[in-house]
Structure formats: structure tokens, C-alpha cells
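Only one structure is covered here, and it is reproduced in the block below.
By convention in this document, chain letters (A, B, ...) are assigned in the order of the sequence lines, proteins followed by strands, and residues within each chain are numbered from 1. Because the structure is predicted, anything quoted here is derived from the model rather than measured. Only this structure's heavy atoms are used, side chains among them; waters, hydrogens and symmetry mates stay out.
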There are 2 protein chains.
Amino acid sequence: MQLRACHDDFARSAPRSPHHRPEQNLQKLRTTVACAKGQEICPPDCLNAYWWQVETGAARKVLLLPSGQRCIMEFFFPGDFFACHTYGCADIVVEAICEGTVLGRYKRVDIERLTREDSNIARMLRHADVCAAFHMETHILNLWHQRSIDKLLAFLTQIQKRQRRNEFISLPMGRQDIADYLGLSVETVSRALTELKEHGILEFDGTRKLKIAPQAYDFLSLPTNANSNQLMTAA
Amino acid sequence: MQLRACHDDFARSAPRSPHHRPEQNLQKLRTTVACAKGQEICPPDCLNAYWWQVETGAARKVLLLPSGQRCIMEFFFPGDFFACHTYGCADIVVEAICEGTVLGRYKRVDIERLTREDSNIARMLRHADVCAAFHMETHILNLWHQRSIDKLLAFLTQIQKRQRRNEFISLPMGRQDIADYLGLSVETVSRALTELKEHGILEFDGTRKLKIAPQAYDFLSLPTNANSNQLMTAA
DNA sequence: CGCTCCATTGATCTCGATCAAAGTCCGTGG
DNA sequence: CCACGGACTTTGATCGAGATCAATGGAGCG
């Protein structure tokens, strides 16, 4: 039920990026892919050949380590425009998180040819790169924090910003995904969330919907560690 | 003595980037800045106004947290071309690591105007961005590892690749800088290095010069965690 | 109703942070 | 040339946070 609710949330949400409304000639190049939950959005070898945009649902970019661990490099939400420039040869997969995730895609050669003709499209891709860099910096900061509740709170704040509705945050991903993103164990994620709930910092509506209380900003300043949010907002 | 040796190494080393030899019209825009050890390369408010390139020495990009902690986001070595796109409003400083670090710089408006005329320069900046993204991904992976020796070994492998001489690695930065980059304490960095030395994984020549033994690749596979290097090489 | 997946809770142990103290290296000035 | 001072590095001891192992709790689904 929670899951279903969460799916609906993401299914209903419209893309939010200022650059998401593609031009006419961009539309012609666009093809659409629908994915089941957990499914890769395309075979690994052709991932690099496209630019992608999430229409509905959510996706994760996973780095598969030889040990079997899964390092999640990035989450993608509706409207997000992305390509996997680097890591061409590493074990990278992009998977749908929600049931019925839909992505649009453009052949890289096509869209990059268009770039030379249409400066709007060039700007759009450039904007996507800057966003990606920005998300990576935030991710680095997330991982840099030592305390698990700092990581969690910074992460949730980030997600909230990206969803940009001030009420409840909907988490499309499960606890395991959060753990794999933050370099923690599932149990620690769960415990940290419970602790934050008990301190009144988080208010839950089921497992995948929550609200961050304003006092969160005070809370993070007390302990030995940083008050991460000031950074998050500054960033 | 160790320090001096390290300085010399970096002072003597020529830039290595394939794009470092600037065009004629680029040369005209270039100005040069020399910094003492630990000094900021420019006032914080004009950091964003330039593109930078390390000539000799080394630099670090530091995120100053409200708690007083210093999160090092990136190291820069001779030849590295960089700008600080994001984090415009956060407390970012770039500081020289070595005594007598020299950087070249270009006004951003100037170089970005040139971009429109000269596609080589456009490609050069684009290449710098891709490198930066690549380094960030590597950094994320570094931080993601749980065990300190994994972090250290992954870090050192990365530095080795960037210095690109196969013999000894010269570390321009001190232990504290490594700690601030990897989200560890100085003591842990030191202990991890000693442990790796005692296992014959690392061979030291003073505190700032070392060599990674080939067995390092075996070593990392045994423990519960990942063999990070396979990733590092793949990346 | 039972199955499966996911989330939570508990108990234990390990690794890294922290506090504290040497030890090392280097530059400086006598 | 040698002694002192300061920054950096290493080592030791203790403590706590998170990983790990194990079990329970819930929700959706056949």
C-alpha cells in the first residue's frame, strides 16, 4: 500500500526541469522506454550511446563492485536529464526503481549533432552536466560525514530539494538503496531513521513518506559533528 | 628534507595534460599567480571568475564546514585545468599545498568568449569538465568504502595514475590533508599506512614518497570488503 | 492463509574517533 | 655547527558508532 502510494506519487508527478520541454526537432529524436521495477533501462553496452530523461518513476545508477556490493552513484527523478559519460568500461547499470518507470532517450550522436545547430539544446546538455556535477558534490559531502544521522538528514534534505514540494517527501527507493547510496548498512539506515523519528526530527506516514521538522536545523548543530544542512542549503 | 624532496619533485615536473599547451590567443589572456604554502590562490569572492591551471606545485579545494571541519573536495596537480563552477555561495577555498606553487589563470568571461571562436578551446574546457566529473566519481567511490585501508589504497592508486610515473609516488600533501579528503582522522590514516607497509603492500622512502607493490591487488580481495583497485583501473 | 519481500529491533564485536604522548624532521638563530 | 622550536607523524589506550549476525514484525499478493 505504501509502495503503491509511492508509485502513484511518482507516476503523477510532472517533469520539473526548466529545460525539459524539448524543442520540435528534439521531439523527433525521442524514443521511449518503459521498465519494470528493478529492471535495467538498457543493455550495459549501449548505455553510453544515449542521453536519458526520466518521465515518470525513478531510476538509480549503480556501480557493481567485484565483491558483489552495489554502490549507488546517483538517483534520477522525473525531469532529470542525464548521460553516463564516464566509467564507460566499468560495471555501471541504470535500473528502474519503481514499477512502470518510463524514460525518454535520444541517440547521443543525434543530439550532439543538434547541439551544433541549436544553442538551446547545447545549453540544455550543459545544464544537465552542471546539475550532475552539483549532485556529485553533494554526494561527496553526504559520504564524508561520519555520523549516520548526519548522512541521512543531509540525504533527505537533498531529496526534498529535488522533489521541490514542501510537504511530505516520497521515497521511491527502499532502505537498501539508501544504504547503498550512503555507504551504510540497511540496519544503520533503519536505526538512524527511527532515532530521528523519536527525536521529533522526522514525521513518518508509512515507511516511504516523511516530513522533515524545522527543528532539524537545530538538532544537527549540537553534536560533535557538523550541522550539515547549512551546507546543503548553501550548496 | 622529505618536504624539500617533495617540493622539488613537483617543481620539476612538467604539466602532463594533453591540452595544456595553450593556443596563441589563449596565452595572451593568461596571468600567473605564485602562492606560499597554505595560502589561498585568490580571495574567495573572485575564485569563480577564473579558469585555473596548475603550473608547478599542488593545490587543494577545501569546503569549510560551519563546525570548523575541512572537507577537501579535490587535489590539483601540475597540468590540471579547473574552475569552481558550483558551490558559488558556499565556503570554498583553493589553497596551495606546496611552497612556491604557481598557477596560471584566465578570466572566465574572456576564455568563454574565445570558446565560441575556437573549438579547440571549447574542447579543452569540456575535457576539463569531464576530468573533474571523473575525479568526483572516483572520490565518491573512495569515500564509499568502509575500511580505512581500502580508502587509502584506492586513494593512492588514484594519485599514482594522475602522476603517471610508475615508480615512486610523491605525496605533496600531508597526512591531515589525506584525512580530510577521505573523511578519516589523521591517526587512522597514519595507522592504515603503517599497516599497509608492514604487510609489504607499500614501500616507503620517507613519509611522502612511496611505491605500491603489485601484491596490493591480491591483498584487497581477501577481506570482507571489495578489491577496490579493479574498479580504480576500470574507472 | 501462508509466502515473500521489506523494515525493524536486538546482541555482539570490530574498526575508527578521540584523547594523550612520544618521536621525527626541518628551519632558524645562536 | 649545534641547540631550540614548531609542524608533522607515529604510537598507545580507551570509548563509541556502525557492521554483522540473528530474529521478529508487517504489508502486499497469490
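If you measure from atom CZ of B:R147 to atom C1' of C:dA17, you get 18 Å, rounded to the nearest angstrom. Distance A:K209 NZ to C:dA7 P: 16 Å, rounded to the nearest Å. Separating the CE atom of A:M173 from the C1' atom of C:dC5 is a distance of 18 Å, rounded to the nearest angstrom. Residue B:R208 contributes atom CZ, which lies 14 Å from atom C1' of D:dT10 at whole-angstrom precision. Computed from coordinates, the A:L152 CG to D:dA17 P distance equals 15 Å when rounded to whole Å.
In terms of the side-chain contact (heavy atoms from CB on, under 4.5 Å) criterion, residue partners of A:A36 (sequence neighbours excluded) are, by chain and number, A:Q39, A:E99. Taking the side-chain contact (heavy atoms from CB on, under 4.5 Å) definition, one finds that B:V62 meets it with B:R60, B:L64, B:R70, B:I72, B:V93, B:E95, sequence neighbours left out. Taking A:T188 as the reference, A:S185 meet the side chain to side chain donor-acceptor pair (under 3.5 Å) condition, with sequence neighbours excluded. Every residue meeting the side-chain contact (heavy atoms from CB on, under 4.5 Å) condition with A:T32, not counting sequence neighbours, appears here in chain and number order: A:E55, A:V102. Every residue two or more places apart in sequence or in another chain was checked for a side chain to side chain donor-acceptor pair (under 3.5 Å) with B:Y181, and none qualifies.
Proximity of residues 181-191 of chain A to DNA chain C (heavy atom under 4.0 angstrom from any strand atom) is restricted to A:E187, A:S190, A:R191.
Here D:dT9 is the nucleotide among D:dT9, C:dA17, C:dT8 with the atom lying nearest to any side-chain atom of B:T207. For A:T194, the listed nucleotide lying nearest its side chain is C:dT9; candidates were C:dT8, C:dT9, C:dA17.
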